[in-house]
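This report refers to the structure that appears directly beneath it.
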Amino acid sequence: MFPLIPFFCPLIFYSNTMALKERGDFSSRWALPDYFTLENFATAWERANLGNAFINTGLITAGAAVLLILFGSMAAYPLARRETKLNRFVLLFFVAIMVVPPLTALVPLYQMVVNLGMLNTRTIAILNNLAAFLPLTIFLYAGFIRSTIPKELEEAAKIDGCNTISIFFRIVFPLLKPVTASVLIISCVFIWNDYQFAIFFLQSKDVHTLTVALASFFGENQSNLNLVAAAAFMAMLPMTILFLFLQKYFIAGLSSGSVKG
């Protein structure tokens with residue numbers, strides 16, 4: 001079992017106990033109540049417009065994940081197979097980009113988005129997340145292809161008359177399931193929980209994501225932990241299900257890609 005799960009179990013238990021209690025219940029937050037109420041879930045869903053937030057967050061996460069897998073794997077393939085000085089430099093450049101904090105580019109990026117008229121659009125959120133996670137995606141795919149997929153498979157396909165594109169999509173890509181699972185878990189969790197870019201580029205209520213919607217429960221004169229707990233529990237369910245579904249591939253994808261560089 002993934003080692004972080006025991007750490008998150010108390011947090012999940014805590015959020016459940018808070019979500020199932022009435023607002024005026026000041027009993028221990030760690031003790032299960034003698035009663036159960038689902039009113040907080042219904043109120044949080046309606047007050048924060050979570051239905052629309054789920055749609056926005058889901059579209060942004062899914063769109064960015066698909067583009068990351070497609071472009072990341074295609075870009076990593078020639079970098080992993082052609083050991084030239086230029087390719088090594090490009091790969092090192094992507095590694096260097098991962099060290100740069102994304103917020104350092106916030107001001108010029110915001111100005112560019114405003115000039116392009118793309119503020120408050122899901123498209124800019126997808127492109128931002130694509131740019132943020134593409135270097136890591138390429139790094140993981142390139143390491144996995146070099147260390148795991150034998151070149152003999154591709155050479156045999158070339159003898160049979162396959163071109164480079166056919167070899168990639170028919171031979172290589174189907175073998176990338178473990179590292180693809182790792183990319184999905186890492187990128188989707190961060191994109192799903194993104195707040196720093198969503199609050200700047202998705203200011204309109206029509207395109208609010210879950211994190212921005214949850215932040216609406218806190219203000220200068222109000223905070224309702226019961227509603228926040230209920231909303232947070234609903235918001236974390238999709239990523240929890242995704243992780244449980246892909247966890248058997250997660251460690252395999254990371255460890256296989258780090259065998260040799």
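Remember, it's a predicted structure, so these values are computed and weren't measured experimentally.
Residues Y141 and I69 meet the side-chain proximity criterion, which asks for heavy atoms closer than 4.5 Å. D206 has its side chain out of reach of N120: every pair of non-hydrogen atoms, C-beta onward, lies at least 4.5 Å apart. With a 4.5 Å cut-off on side-chain heavy atoms, T61 and N129 do not count as touching. With contacts defined as side-chain heavy-atom distances shorter than 4.5 Å, the pair M239/F190 does not qualify. Side-chain contact between T209 and Y195 is absent, with no heavy atoms from C-beta onward closer than 4.5 Å. No side-chain heavy atom of L116 sits under 4.5 Å from any side-chain heavy atom of I124. The closest side-chain heavy-atom distance from L106 to F197 is below 4.5 Å. Between V90 and I138, every side-chain heavy-atom pair lies at or beyond the 4.5 Å cut-off.
W192 approaches A235 most closely through the heavy-atom pair NE1-O, 2.8 Å. The two residues C188 and A65 make their nearest non-hydrogen contact at SG-CB, 3.8 Å. When every heavy atom of D194 is checked against every heavy atom of T211, the shortest pair comes out as O-OG1, 2.6 Å. Heavy atoms only, all atoms of each residue included: V100 and T104 are closest at CG1-OG1, 3.5 Å. Considering every non-hydrogen atom in both I167 and C162, the closest pair reads CG1-CB, 3.7 Å. Summarising the geometry of L119 relative to V113, their closest heavy-atom pair is N-CG1, 3.6 Å, with the distance given to 0.1 Å.
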Tell me, with the steps shown, if Q111 and N115 meet side-chain hydrogen bond (donor to acceptor under 3.5 Å, both in side chains).
-> CA-CA 6 Å; Q111 186 62 50; N115 293 337; 3.1 Å; yes
Report the C-alpha distance between N49 and K205 in whole Å, list the side-chain angles of each, state the deciding distance to 0.1 Å, and finish with yes or no for side chain to side chain contact (heavy atoms under 4.5 Å, CB included).
-> CA-CA 9 Å; N49 196 14; K205 290 184 177 181; over 6 Å; no
Let me see the working for I145 and L176 under side chain to side chain contact (heavy atoms under 4.5 Å, CB included), right down to the final yes or no.
-> CA-CA 8 Å; I145 292 172; L176 299 178; 3.8 Å; yes
May I have the step-by-step check of side chain to side chain contact (heavy atoms under 4.5 Å, CB included) for R81 and I149, ending in yes or no?
-> CA-CA 10 Å; R81 282 295 184 246; I149 301 178; 3.7 Å; yes
Mind running side chain to side chain contact (heavy atoms under 4.5 Å, CB included) on L202 and V212 for me, showing each step along the way?
-> CA-CA 9 Å; L202 304 176; V212 180; 5.8 Å; no
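Judged purely by atom type and a 3.5 angstrom limit, T137 has no side-chain atom pairing as donor or acceptor with the backbone of L68. Remark: the backbone N or O of L70 is paired with a side-chain donor or acceptor of S73 at under 3.5 angstrom. Side-chain atoms of N87 never come within 3.5 Å of backbone atoms of E83 as a donor-acceptor pair (strictly under, hydrogens ignored). The backbone N or O of F200 lies less than 3.5 Å from a partner atom in the side chain of Q203, making a donor-acceptor pair. Side-chain N or O atoms of S216 include one that pairs as donor or acceptor with a backbone N or O of A213 at under 3.5 Å.
Tracing side-chain contacts under 4.5 Å through hydrophobic residues (I, L, V, M, F, W, Y), one reaches M98 starting from L184; they form part of the same cluster. There is no path of hydrophobic side-chain contacts, each under 4.5 Å, that joins I159 to I171. One hydrophobic cluster, built from ILVMFWY side chains closer than 4.5 Å, cannot hold both I241 and L50; they sit in different ones. Follow the hydrophobic side-chain contacts under 4.5 Å out from M234 and you reach L244 in the same cluster. Under a hydrophobic-cluster definition in which Ile, Leu, Val, Met, Phe, Trp and Tyr are linked whenever side-chain heavy atoms come within less than 4.5 Å, directly or via other members, L127 and L59 are assigned to different clusters.
A side-chain donor from one of N163 and S166 sits under 3.5 Å from a side-chain acceptor of the other.
Atom-to-atom distance recorded for F41:CZ and F233:CZ is 6.0 Å, nearest 0.5 angstrom. Distance OG1/T164 to CD/E154: 9.0 Å, rounded to 0.5 Å. In this structure, CH2 in W45 is found 14.5 Å from CG in L227, a value given to the nearest 0.5 Å. Note that CG of L79 is 8.0 Å distant from OG1 of T84, once rounded to the nearest 0.5 Å. Of the inter-residue distances, the one linking N56 atom CG with R122 atom CZ reads 4.5 Å to the nearest 0.5 angstrom. Atom CD1 in I60 sits 9.5 Å away from atom CD1 in I191 (nearest 0.5 Å).
Within 6.0 Å of CG in L237 there are more than 12 heavy atoms belonging to other residues, nucleotides or ligands. Taking a 6.0 Å sphere around CD of E155, one finds it holds more than 12 heavy atoms contributed by other residues, nucleotides or ligands. Residue R88 places its CZ atom among more than 12 non-hydrogen atoms of other residues, nucleotides or ligands, all under 6.0 Å distant. Within 6.0 Å of CD in E39 there are 12 or fewer heavy atoms belonging to other residues, nucleotides or ligands.
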